[in-house]
Every structure is written in C-alpha cells, then in structure tokens.
Amino acid sequence: MPDRRAIVNPVKGKKPPDTGTMAIIAATEVDLRLLARLTDTPIVEQRKLYMSTLQVHADDHRRFTLAGPIVGAPYAAMIVESLWVWGVKTVLFIGWCGAVSRRIKAGDIILPENAMVDEGTSGHYCDPSCHVALPARTLVHQARLALQHHGAAVQEGAVWTTDAIFRETVEKVKHYQAKGALAVEMELSAIFTVAGFRRMEAAGILVVSDELSDYQWRPGFKSQAFKSSREKVCRAALTMGSYLGA
C-alpha cells in the first residue's frame with residue numbers, strides 16, 4: 001500500500017483566529033465587500049490569509065467567518081485547509097460562473113448538485129480517477145431555503161470546474177454540454193473534494209456572469225440582473241451564517 005501521509009500539513013499557528021464553525025468564502029473582492037456591508041454582525045477580528053482577507057464576525061448569538069477573494073482550485077484548497085485546522089466545519093462558497101447550457105443566462109443563480117473535475121487538485125485528495133465531486137446534501141437544501149427566503153429563482157444541476165479560464169475551447173464546451181453541465185467555474189470541485197477529505201460540509205452558490213453556450217463569449221457583468229442576483233446570493237449566505245454560525 002502506498003504511504004499517503006502528508007509531509008506538510010496545515011497548522012493552527014501561535015495565535016489562531018476564533019473562526020467559529022461556519023465560513024463563507026467569496027471568490028471575488030466585490031462580493032466579499034458586499035457581504036461585509038450587508039451583515040449586521042460586527043467584525044471582531046480581521047487578518048490576512050495568504051493573498052486573501054479573513055474576517056471573523058460575532059455577537060452574543062452567532063460567530064462566522066468571511067474569507068476571500070480566491071481564484072482556482074489549488075488556492076481554494078489552501079483556504080479550506082486553513083479554515084479546517086482552525087475549527088471550521090461548514091463552508092459555503094459564493095462565486096461567479098460562465099453559462100454552458102443554452103437555457104442558462106447571465107444573472108441566473110445556480111445551486112450546484114455536483115461539480116465535474118477538470119482541475120488538478122482533487123486527485124491529490126481522492127482517487128485520481130474521480131470525475132465528479134459532491135457537496136453536502138443537507139447544506140445544499142439549507143442554501144435552497146435561504147435563497148427562496150430572499151426571493152431568488154434557482155437553477156440546480158451540474159457544473160464544470162476547470163483550471164484554465166482561457167482554454168474553455170469549443171470542443172470542451174461541447175463536451176460538458178453533452179454531460180449536462182449548466183456552467184463552468186474554477187473552484188468548486190476542489191472545495192467539495194477537500195471538504196469531504198476533511199469531513200467538513202461544503203456547498204456552493206454561483207451567479208452567472210457571462211455566457212459561452214453558443215461558442216461566443218457574451219459578458220454580462222454589467223447587467224442589472226447580475227447585480228441583483230449577487231445581492232440576493234450574499235443575503236442568503238449571510239442568513240445561513242447567522243443560523244449555522246457558532
């Protein structure tokens with residue numbers, strides 16, 4: 001049997017943050033700022049975390065952590081590993097994605113049921129032949145309810161996680177369309193895989209920022225639908241942080 005023990009492991013450090021058990025990871029700086037602006041739970045600690053910012057929010061009733069921005073599977077794995085060693089048990093990722101399915105448009109909100117692995121990190125945590133990573137079903141259900149509470153219409157299904165944002169080729173888009181992918185993004189399969197390895201619960205919520213489904217790039221970053229959906233997603237994430245944070 002191969003010896004799969006890691007030589008380098010995440011460590012708490014001399015002064016670990018008191019993160020609570022719930023963390024919301026925002027892929028983008030603008031969503032991290034939006035989350036911080038929308039929450040009524042004060043910041044009790046803030047520090048750098050690699051190239052990201054970590055904020056602990058707490059009052060007498062709840063404690064949760066905001067972290068971000070992050071880009072790509074390896075860096076997402078680093079953040080999840082750090083949160084795990086500090087005591088986080090539940091991770092909710094919010095990010096942006098490109099529409100692959102023709103029925104998905106900019107501004108749509110996607111609640112992923114699984115993430116197809118087209119990145120190099122997951123194979124270091126599970127069998128390299130693993131092609132699909134799964135979120136925690138209970139957490140997906142809680143995210144669904146939170147989104148509904150904030151009036152968000154949700155599309156549910158598979159997403160495709162890639163390492164290479166500039167190699168979303170026509171061939172690859174057609175391949176993942178045939179496999180039923182709704183959208184493409186860069187972190188979720190790794191987050192699901194690392195969380196499963198560390199016995200954490202993880203789920204993700206994505207807002208469609210652009211469209212690739214007709215093999216042309218159609219940006220939707222400036223649309224009102226995109227901006228409105230981002231706010232609904234952030235509000236839903238904070239609702240989850242309020243009742244899952246401890």
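For the single chain, residues carry numbers from 1 onward in sequence order. Just so you know, these numbers use all the heavy atoms, side chains as well, and skip hydrogens, waters and symmetry mates.
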Point-to-point distance, once rounded to the nearest 0.5 Å, from [atom1] of [X] to [atom2] of [Y]:
{"X": "Phe197", "Y": "Cys126", "atom1": "CZ", "atom2": "SG", "answer": "10.0 Å"}
{"X": "Arg62", "Y": "Thr39", "atom1": "CZ", "atom2": "OG1", "answer": "7.5 Å"}
{"X": "Ile79", "Y": "Ile191", "atom1": "CD1", "atom2": "CD1", "answer": "9.5 Å"}
{"X": "Leu66", "Y": "Cys234", "atom1": "CG", "atom2": "SG", "answer": "9.5 Å"}
{"X": "Arg235", "Y": "Leu38", "atom1": "CZ", "atom2": "CG", "answer": "4.5 Å"}
{"X": "Met116", "Y": "His175", "atom1": "CE", "atom2": "NE2", "answer": "8.0 Å"}

Which residues share a salt bridge (charged side-chain N to carboxylate O under 4.0 Å, His left out) with Asp108, sequence neighbours left out: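 Salt bridge (charged side-chain N to carboxylate O under 4.0 Å, His left out) check on Asp108 returns nothing, list empty.
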Side chain to side chain donor-acceptor pair (under 3.5 Å): pairs with one or both residues in residues 68-84, sequence neighbours excluded: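 Qualifying pairs, neighbours excluded: Tyr50-Ser82, Ser52-Tyr75, Glu81-Tyr125, Glu81-Arg198.
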Qualifying side chain to side chain donor-acceptor pair (under 3.5 Å) pairs with a residue from residues 131-142, counting only residues at least two apart or across chains: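 Residue pairs with at least one partner in residues 131-142: His141-Arg144.
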Other ILVMFWY residues reachable from Val132 by side-chain steps of under 4.5 Å: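 For the cluster that includes Val132, the remaining residues are Leu134.
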Taking only distance into account, with no hydrogens and no angle test, what donor-acceptor pairs under 3.5 Å do side-chain atoms of residues 93-100 form with protein atoms, sequence neighbours excluded?
residue: Trp96; atom: NE1; partner: Asp31; partner atom: OD2; Å: 2.9

Within the 4.5 Å heavy-atom criterion, are [X] and [Y] side-chain neighbours or not?
{"X": "Leu111", "Y": "Val140", "value": "yes"}
{"X": "Val208", "Y": "Leu206", "value": "no"}
{"X": "Leu238", "Y": "His57", "value": "no"}
{"X": "Ile109", "Y": "Ile205", "value": "yes"}
{"X": "Thr65", "Y": "Leu54", "value": "yes"}
{"X": "Arg103", "Y": "Leu182", "value": "yes"}
{"X": "Trp86", "Y": "Leu49", "value": "yes"}
{"X": "Val184", "Y": "Tyr176", "value": "no"}

Of all heavy-atom pairs between [X] and [Y], which one has the smallest distance, and what is that distance?
{"X": "Pro10", "Y": "Val85", "value": "O-CG2, 3.6 Å"}
{"X": "Thr121", "Y": "Pro74", "value": "OG1-N, 3.3 Å"}
{"X": "Met240", "Y": "Ala146", "value": "CG-CB, 3.8 Å"}
{"X": "Gly120", "Y": "Asp163", "value": "N-OD2, 2.9 Å"}
{"X": "Pro69", "Y": "Ala27", "value": "CB-O, 3.1 Å"}
{"X": "Ala58", "Y": "Thr41", "value": "N-CG2, 3.4 Å"}

Are [Y] and [X] connected in a single hydrophobic cluster, I mean Ile/Leu/Val/Met/Phe/Trp/Tyr linked by side-chain heavy atoms less than 4.5 Å apart?
{"X": "Val194", "Y": "Val91", "value": "yes"}
{"X": "Leu147", "Y": "Leu188", "value": "no"}
{"X": "Ile24", "Y": "Leu83", "value": "no"}
{"X": "Leu139", "Y": "Val154", "value": "yes"}
{"X": "Ile110", "Y": "Met186", "value": "no"}

Stepwise side chain to side chain contact (heavy atoms under 4.5 Å, CB included) check, Leu244 with Phe64: CA-CA 8 Å; Leu244 293 174; Phe64 61 89; over 6 Å; no
Stepwise side chain to side chain donor-acceptor pair (under 3.5 Å) test for Thr161 and Glu185: CA-CA 5 Å; Thr161 304; Glu185 54 79 56; 2.5 Å; yes
Donor-acceptor side-chain pairing of Gln177 and Ser101 below 3.5 angstrom: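 Short answer, no.
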Short side-chain donor-acceptor distance under 3.5 Å, Thr239 and His150: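 On atom types as modelled, these side chains qualify, holding a pair under 3.5 Å.
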Please check if the number of heavy atoms outside [X] that lie under 6.0 Å from its [atom1] is greater than 12.
{"X": "Lys48", "atom1": "NZ", "answer": "yes"}
{"X": "Lys232", "atom1": "NZ", "answer": "yes"}
{"X": "Arg167", "atom1": "CZ", "answer": "no"}

Donor-acceptor pair, distance only, cut-off 3.5 Å: does the side chain of [X] make one with the backbone of [Y]?
{"X": "Trp160", "Y": "Val117", "answer": "no"}
{"X": "Asp210", "Y": "Trp217", "answer": "no"}
{"X": "Glu211", "Y": "Ala106", "answer": "yes"}
{"X": "Lys105", "Y": "Arg102", "answer": "yes"}
{"X": "Thr193", "Y": "Ser189", "answer": "yes"}
{"X": "Ser229", "Y": "Val207", "answer": "no"}

Sole residue of Met22, Glu201, Met200 in side chain to side chain contact (heavy atoms under 4.5 Å, CB included) with Val88: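 Among Met22, Glu201, Met200, the one meeting side chain to side chain contact (heavy atoms under 4.5 Å, CB included) with Val88 is Met200.
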Test: Glu168 and Lys172 ion pair at under 4.0 Å: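 Here Glu168 does not pair with Lys172 in a salt bridge, since their nearest N and O are not under 4.0 Å apart.
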side-chain contact (heavy atoms from CB on, under 4.5 Å) against Val11, all qualifying residues, sequence neighbours excluded: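 For Val11, no residue satisfies side-chain contact (heavy atoms from CB on, under 4.5 Å) once neighbours in sequence are set aside.
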Verdict with supporting geometry, Val44 and Arg63, side chain to side chain contact (heavy atoms under 4.5 Å, CB included): CA-CA 9 Å; Val44 297; Arg63 178 178 292 268; 3.8 Å; yes
